[in-house]
There are 2 protein chains.
Amino acid sequence: MASVSMKDVASVAGVSTATVSHVLNGTRNVNDETREKVELAIKLLNYRVNSVGRTLRSGSSKIIGYVASNLSINFYMYIGRAITHVLSEAGYNIIYADSQEDPRIEKRNIQNMIQQNVDGLIIVPVNQDCSYLEQMIGDLCPCVFLARNPIGYESDAVLASNFEAVYESINLLIEKGHKNIGYMAAISNTTAIERLNGYKAALSDHNLPILDNIIKFGSGELESYKAQKLGNSYKLTGELMKNKDITALFISDGLSTVGAVNYLFTHHYHIPRDLAVITFDDAFWLSMTNPSFTVTEQDTEGLGRKSAEVLLNRIHNSENPYQVYRIPNKLIIRESC
Amino acid sequence: MASVSMKDVASVAGVSTATVSHVLNGTRNVNDETREKVELAIKLLNYRVNSVGRTLRSGSSKIIGYVASNLSINFYMYIGRAITHVLSEAGYNIIYADSQEDPRIEKRNIQNMIQQNVDGLIIVPVNQDCSYLEQMIGDLCPCVFLARNPIGYESDAVLASNFEAVYESINLLIEKGHKNIGYMAAISNTTAIERLNGYKAALSDHNLPILDNIIKFGSGELESYKAQKLGNSYKLTGELMKNKDITALFISDGLSTVGAVNYLFTHHYHIPRDLAVITFDDAFWLSMTNPSFTVTEQDTEGLGRKSAEVLLNRIHNSENPYQVYRIPNKLIIRESC
DNA sequence: TTGTATGCGTTATCAC
DNA sequence: GTGATAACGCATACAA
């Protein structure tokens, strides 16, 4: 509405808009006296740059879009904060979009951001198959994938070291004498496969058999986090635990954890006496249950920071070959194992 | 980079840019044949409108900004989804910004959004005192406050019915025979006062005394949600529970709940036998603890929907007097009372 | 039914 | 050291 433009500032200060612009951006030498006149006018009129005009003219919005599959999962919010921290330092503004696990919303979010002329994108894709993003993004803006390795789209990716994290966790259980270690996963995608491979490798390396009947994989359907508490993973855990030989359980994702823990508590498992448990991904409530849970925690700070840095590199130097970066987890030992 | 503009489309279709624009927006009659030529060119070139140009020219970005005090609290994300739902229907795009409970970040977020020419703002303010937003926002864009009633800034606000929700909860406890009902609050602001007044009114209406020594108020400092589990509310609950007359406890905000519940579990309170408990605000884990917790749940869907509607009204009709809207809570009875 | 031309607010290329 | 002026991509008033 009552918007003040550079023209107004220029007129009040008695200079040209070019001078105002240069004062604002420090892009050329300005006489001290002139500068002061301009700065006074800016204060007087309460002038703020219009980013839209600037973006149109300069071709750069200084905005980075963070499009996450599901922002109601704290994991992705914490990553967002780390991203924001790094990128603000570098002079960028960050806008968040929430895809709500819906590929159509994700598509719209990315479309919008591109139309807003974002200088870069950090994407947690809803689906593994990202080929449909190819013609949307193309070479319009650099783009880093986060937490999930995209299929059908060549780009940088920053991922947790899924294999190593699970390997380390299973190792711990084996060292404690467990031989029948159940494995629970709600989702099946390449990330889930990487984790499962860590499990299998750890068993193999200790000459333990891999028993298919104590590995439980969900349908791959994504349930909303809110609905999750009564969801599929509760049931899957029940089916898994019919096998009475199991003395330890590894829960391989945060979505499974809610239902699985709920099942174990409801059925009065004595942890860790009857059953040792380790879960993938920390959550604040996992340290306040009785017993508290041993977890392999993903490094949100590291993941966010790295993806921001990779994006910045890509923006400034678009010729390097694409690369996948791995951020190690951290094993946090609590009471459940 | 290889960005396609209306000019390119016009040239390929053999028409003027005006025609392309009108085809795109349906703003005037176009010959079927011409339209088809244009649409073909658009497909051929994979053309997408540039929102920046459109915004600059039209003065409207069709973007609404949602600036929340702390997006890692699920409550605010769920509200964001409801907002998004209503506003997408109305043809707006929504961008989220996370203030991380830091007024400086909030300020930057709002500043950015205004510079991006957003058509409206929905703000969960970090501080109660919003007078510093006055000169930033002014009449530059309509703005609805959410969840916290701003001081020093005249605007619409959409709030939970704090008074009634607590009144109803305390009523339930009184009906169950409780006379010494402890009250816990981590934060002290007008929202907290409203809730406390609901507590006091319920007691008064049943001719029960209001005992200051079983009411515990935090310092008002905001702790990060992540750090909260070991934070102030744990300690405050401990101090409160020194009073052995207390037979019921009302926890008046989600931030307190984490610490308070942690304290009660750690000290092996038998709930509800020794102590009946009701908390303000639901969270998924409150239904999977043992016992599960009775809560007065805030209606995120209603809060988000209403604030979006109020904003739309304000955008289309800016002359109505400002108003405060209240969205009722829902009492969900579980095992803790 | 369609085209031409202007301006939104800014930056950048000239010229002075 | 400073000022005109063009151009970014689009929508629209006006002309044809």
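Every chain is numbered from 1, with letters handed out A, B, ... down the list of sequences. Below, all heavy atoms of this structure are taken into account, side chains as well, without hydrogens, waters or symmetry copies.
What separates NZ of Lys37(B) from C1' of dG3(C) is a distance of 13 Å, to the nearest Å. Counting to the nearest Å, the P atom of dT2(C) and the CG atom of Asn31(B) are 4 Å from each other. One interatomic measurement links the two molecules: CZ of Arg35(B) to P of dT1(C), which rounds to 10 Å at whole-angstrom precision. For the pair Asp8(B) CG and dC8(D) C1', the interatomic distance rounds to 13 Å; values are reported in whole Å. For the pair Glu36(B) CD and dT1(C) C1', the interatomic distance rounds to 15 Å; values are reported in whole Å.
A donor-acceptor pair under 3.5 Å links the side-chain atoms of His316(A) to the main chain of Leu312(A), judged by distance alone. For the pair Arg28(A) (side chain) and His22(A) (backbone), a donor-acceptor distance under 3.5 Å is absent. Side-chain atoms of Asn46(B) come within 3.5 Å of backbone atoms of Gln135(A) as a donor-acceptor pair (strictly under, hydrogens ignored).
Taken over five-pair windows at either terminus, the axes of the helix from dT1(C)-dA16(D) to dC16(C)-dG1(D) are inclined to one another by 50° (rounded to 10 degrees).
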Per-nucleotide protein contact string for nucleotides 4-11 of chain C, where B marks a base within reach and S marks sugar-phosphate only (heavy atoms under 4.0 Å, - for neither): B-BBBBBB
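Closest of all the heavy-atom pairs between Tyr153(A) and Gly138(A) is OH-O, 3.8 Å.
Within 6.0 Å of NZ in Lys62(A) there are more than 12 heavy atoms belonging to other residues, nucleotides or ligands.
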Audit row: Thr84(A), Tyr66(A), side-chain hydrogen bond (donor to acceptor under 3.5 Å, both in side chains) steps and yes/no: CA-CA 9 Å; Thr84(A) 303; Tyr66(A) 174 49; over 6 Å; no
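A donor and an acceptor atom, one from each side chain of Asp119(B) and Ser60(B), are located under 3.5 Å apart. Side-chain contact check for Glu106(B) and Tyr132(B): at least one donor-acceptor pair (N or O, by modelled atom type) lies under 3.5 Å.
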